Amino acid sequence: MRKNLSQQKLLEILTSEIETLKQTTENINEIAPEIARQLQILKTTKVKIGVDTNKLEQLLEDHKRKLEKSVVIPRWFWILFGAVIILLIM
């Protein structure tokens, strides 16, 4: 008796799962054409991308100015160098 009960329960579960799979398959087949249509639209749509580089360009200009200032020998150094040369000549 117990064996028949277990087999009966297993059969009920399997039947239920098969019905669920059938319903899922029907749902997928129902929406598949719409998904295919939307994918085709996505494939054929051109994407326009705009990147605002103003801040980046400004940042690069600021760094460029800082580098130019740091590479140039400061005026005070030339004055000090000239004064040392004059003192050495005397």
Side-chain angles (χ1 to χ4, degrees):
M1 181 87 174
R2 198 166 203 21
K3 213 174 211 183
N4 284 339
L5 185 61
S6 297
Q7 289 176 350
Q8 183 66 27
K9 188 64 177 171
L10 181 61
L11 183 61
E12 288 175 12
I13 292 171
L14 287 174
T15 306
S16 171
E17 290 298 317
I18 289 172
E19 288 300 318
T20 303
L21 282 172
K22 283 182 183 178
Q23 185 62 40
T24 303
T25 303
E26 288 174 9
N27 291 341
I28 289 172
N29 289 336
E30 188 177 303
I31 63 169
E34 179 63 22
I35 292 173
R37 186 184 70 78
Q38 290 183 8
L39 281 174
Q40 188 61 33
I41 290 171
L42 284 174
K43 287 179 184 177
T44 59
T45 302
K46 292 184 179 180
V47 178
K48 294 181 182 179
I49 298 175
V51 179
D52 184 16
T53 59
N54 291 336
K55 289 183 179 181
L56 179 60
E57 289 172 2
Q58 183 63 40
L59 184 64
L60 288 173
E61 279 296 318
D62 292 344
H63 283 301
K64 184 178 176 182
R65 275 190 238 116
K66 285 180 184 178
L67 282 174
E68 287 173 353
K69 285 181 181 178
S70 65
V71 171
V72 175
I73 299 174
R75 185 172 292 169
W76 62 266
F77 178 77
W78 286 116
I79 294 170
L80 181 63
F81 182 72
V84 169
I85 295 295
I86 292 173
L87 285 175
L88 287 174
I89 291 175
M90 291 180 164

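Quick caveat, the model's predicted, so the values are computed rather than measured.
- For R75, the CZ atom is loosely surrounded, since the number of other residues' heavy atoms within 6.0 Å does not exceed 12.
- Residue pairs meeting the side chain to side chain donor-acceptor pair (under 3.5 Å) criterion with at least one member in residues 11-23, sequence neighbours excluded: Q23-N27.
- Here side chain to side chain donor-acceptor pair (under 3.5 Å) pairs that include residues 38-56, with residues two or more places apart or in two chains, are E34-Q38, D52-N54, T53-E57.
- To the nearest 0.5 Å, atoms CD (E26) and CG (L21) are separated by 11.5 Å.
- Not counting sequence neighbours, the partners of Q58 by the side-chain hydrogen bond (donor to acceptor under 3.5 Å, both in side chains) test are D62.
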Show your reasoning for whether side chain to side chain contact (heavy atoms under 4.5 Å, CB included) applies to K64 and L60.
CA-CA 6 Å; K64 184 178 176 182; L60 288 173; over 6 Å; no
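- Cluster partners of I86, by chain and number: M90. The rule joins Ile, Leu, Val, Met, Phe, Trp and Tyr whenever side-chain heavy atoms lie under 4.5 Å apart.
- I85 meets the side-chain contact (heavy atoms from CB on, under 4.5 Å) test with F81, I89; sequence neighbours excluded.
- Note that the OG1 atom of T25 and the CD1 atom of I18 stand 11.5 Å from one another [nearest 0.5 Å].
- Here I35 pairs with I31, L39 under the side-chain contact (heavy atoms from CB on, under 4.5 Å) rule; sequence neighbours left out.
- V47 is connected to V51 through a chain of hydrophobic side-chain contacts under 4.5 Å among Ile, Leu, Val, Met, Phe, Trp and Tyr, so both are in one cluster.
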